[in-house]
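Heads up: the structure comes next, in C-alpha cells.
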Amino acid sequence: MSNRERYVRSGEARIWTCTSGSGIPFLMFNGGPGCDDYLGPVAELIENVCQIVRFEPRGCGRSDWDSNYAVNTLVDDADEVRQAYGLENVIVGGHSFGPDLALAYALRHPQNVIGLIGIAGGRIVNDRTWHASYRRNLNRVGEDLGGVVFNAHPSVNVECTRSWREYIKRPTLLRDITELEIPATFIYGTDDIRPDWPTRQLAELLPYGRFVEIDGAAHSIWLSHASELGEKLHDAIERISSFNAVQSS
C-alpha cells in the first residue's frame, strides 16, 4: 500500500508523518535516538491489519530542528501526530530506541494506548556493562543496517540520550511501569549484538509483558527474518485485540 504523507505542526516545529495500511492504529517510533524514517519495511508486514502512522522526530529527516530533543518534547510531538490523524486509541511501538519512547508515551497517555510492541529494544537502564558489551560486539561482529543512511542534526543523539538518562531516574518510574496494564510484546533476535537482559527485565515488570525471540536474527530483524517478524507482529496485534475485547465486554 502507498504511503500518504503530511506535515503535522507541534509547537513551532513541523513534523513529517506518513500513514499506510488500514485497521488498528499503530503509532510507530524510530530508533536512535536521532533516526529518520526507516521502518517502511516493518510497516509493510502489518499493513493488512493496522493503520500505521510513522513520523520523523524533530531534527531528523524532513522534520524541523529547533534544538529541543528532550523526551517530554518527543512525547508531546507524538501526541500531536496522534491527534492530527484523529486517532483515539493506538498501539505504540517501534524499533531499537523506539520502544523506549513508546513506553514513555504510554506512561504519559495510558488512556490512549491499547498495547505496546517493541522490536529489538525496550530498556530503562543506563548500565556501563551493557554499553561495553555492545561496543565489544560491534567491533568484533559488526552490524548490517541494510544500507540505510540517517539524516539528523548532530546534536539530536546527544541531547535525547542526556534527557533519557534523566527521565529514567524518576522515583516513581518502576512503580508506574508495574501499574501499566496493557499487553506488551518485545521481539528480539538471538544474534543481536545488544544484550537482551534489560528488555527481558522490562517485559517482566509490565503486568502483561511478554518477551519472544527469533532465532538467528540480528538487530534489523526484517533484513533476514521478515516472515518470522511478520508472524510475531501479527501474534502481538492479535493478543492486543483479544485483550481489549475482553476488557470492554
Side-chain angles (χ1 to χ4, degrees), residues 1 19-30 39-55 75 78-79 81-83 85-96 98-124 174-190 192 196 198-215 217 221-222 225-249:
M1 297 184 182
T19 184
S20 62
S22 60
I24 303 171
F26 190 138
L27 186 61
M28 193 170 283
F29 292 73
N30 296 317
L39 292 177
V42 176
E44 290 175 2
L45 297 174
I46 53 174
E47 286 178 343
N48 63 320
V49 292
C50 285
Q51 176 192 356
I52 302 97
V53 178
R54 312 193 315 269
F55 66 99
V75 170
D79 199 53
V81 172
R82 178 190 64 80
Q83 293 184 60
Y85 279 92
L87 305 176
E88 182 64 27
N89 299 312
V90 297
I91 298 172
V92 295
H95 174 251
S96 195
D100 299 354
L101 288 178
L103 175 66
Y105 182 92
L107 291 171
R108 173 96 74 83
H109 300 284
Q111 72 280 5
N112 299 118
V113 175
I114 59 173
L116 189 156
I117 301 176
I119 304 170
R123 61 191 182 94
I124 53 167
L174 297 182
R175 185 194 67 196
D176 294 343
I177 290 173
T178 63
E179 294 175 352
L180 187 61
E181 296 190 342
I182 58 172
T185 300
F186 298 92
I187 306 166
Y188 226 85
T190 60
D192 197 325
D196 65 10
T199 305
R200 289 180 181 273
Q201 276 190 337
L202 180 56
E204 290 292 334
L205 273 174
L206 287 157
Y208 301 103
R210 177 179 293 177
F211 181 92
V212 298
E213 290 183 307
I214 296 179
D215 189 46
I221 299 174
W222 58 92
H225 293 70
S227 60
E228 293 93 333
L229 177 59
E231 291 174 5
K232 299 296 187 186
L233 288 171
H234 279 83
D235 289 346
I237 293 163
E238 176 58 32
R239 179 171 175 247
I240 292 169
S241 297
S242 299
F243 180 91
N244 285 277
V246 171
Q247 295 298 107
S248 60
S249 63

Are the side chains of Leu205 and Arg175 in touch, meaning some heavy atoms are under 4.5 Å apart?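 Side-chain contact under 4.5 Å: no.
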Pairwise side-chain contact, Asn112 with Glu88, heavy-atom cut-off 4.5 Å (strictly under):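 Of all side-chain heavy-atom pairs linking Glu88 with Asn112, at least one is under 4.5 Å.
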Which heavy atom in [X] sits nearest to a heavy atom in [Y], and how many Å separate them?
{"X": "Leu39", "Y": "Phe29", "result": "CD1-O, 3.5 Å"}
{"X": "Ile114", "Y": "Pro183", "result": "O-CD, 3.5 Å"}
{"X": "Arg108", "Y": "Gln111", "result": "O-OE1, 4.4 Å"}

Backbone N/O of Ile52 and side chain of Thr19: donor-acceptor pair under 3.5 Å: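 It does hold such a pair.
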Mark yes or no for whether Asp196, through its side chain, and Thr190, through its backbone, hold a donor-acceptor pair below 3.5 Å.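 Side chain of Asp196 to backbone of Thr190: no pair is present.
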What's the separation between atom [atom1] in [X] and atom [atom2] in [Y], rounded to the nearest 0.5 Å?
{"X": "Leu116", "Y": "Leu103", "atom1": "CG", "atom2": "CG", "value": "6.5 Å"}
{"X": "Ile221", "Y": "Asp192", "atom1": "CD1", "atom2": "CG", "value": "7.0 Å"}
{"X": "Tyr105", "Y": "Leu27", "atom1": "OH", "atom2": "CG", "value": "6.0 Å"}
{"X": "Arg123", "Y": "Ser96", "atom1": "CZ", "atom2": "OG", "value": "8.0 Å"}

Greater than 12 external heavy atoms within 6.0 Å of Glu204's CD: no
Ignoring hydrogens and angles, state whether a donor on the side chain of [X] or [Y] is under 3.5 Å from an acceptor on the partner side chain.
{"X": "Ser242", "Y": "Glu238", "value": "yes"}
{"X": "Gln51", "Y": "Ser22", "value": "no"}
{"X": "His225", "Y": "Asp215", "value": "no"}

Pairing of Asp79 and Arg82 as salt bridge, 4.0 angstrom limit: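 Looking at Arg82 together with Asp79, the answer is yes, because their closest N to O distance falls below 4.0 Å.
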Glu213/Arg200 ion pair, N-O < 4.0 Å: yes
Students often mix this up, so state it plainly: with edges at 30° and 60°, are the rings of His95 and Trp222 parallel, tilted or perpendicular?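 The rings of His95 and Trp222 stand perpendicular, inter-plane angle above 60°.
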Between Ile237 and Ile91, does the side chain to side chain contact (heavy atoms under 4.5 Å, CB included) criterion hold? Intermediate values first, please. CA-CA 8 Å; Ile237 293 163; Ile91 298 172; 4.3 Å; yes
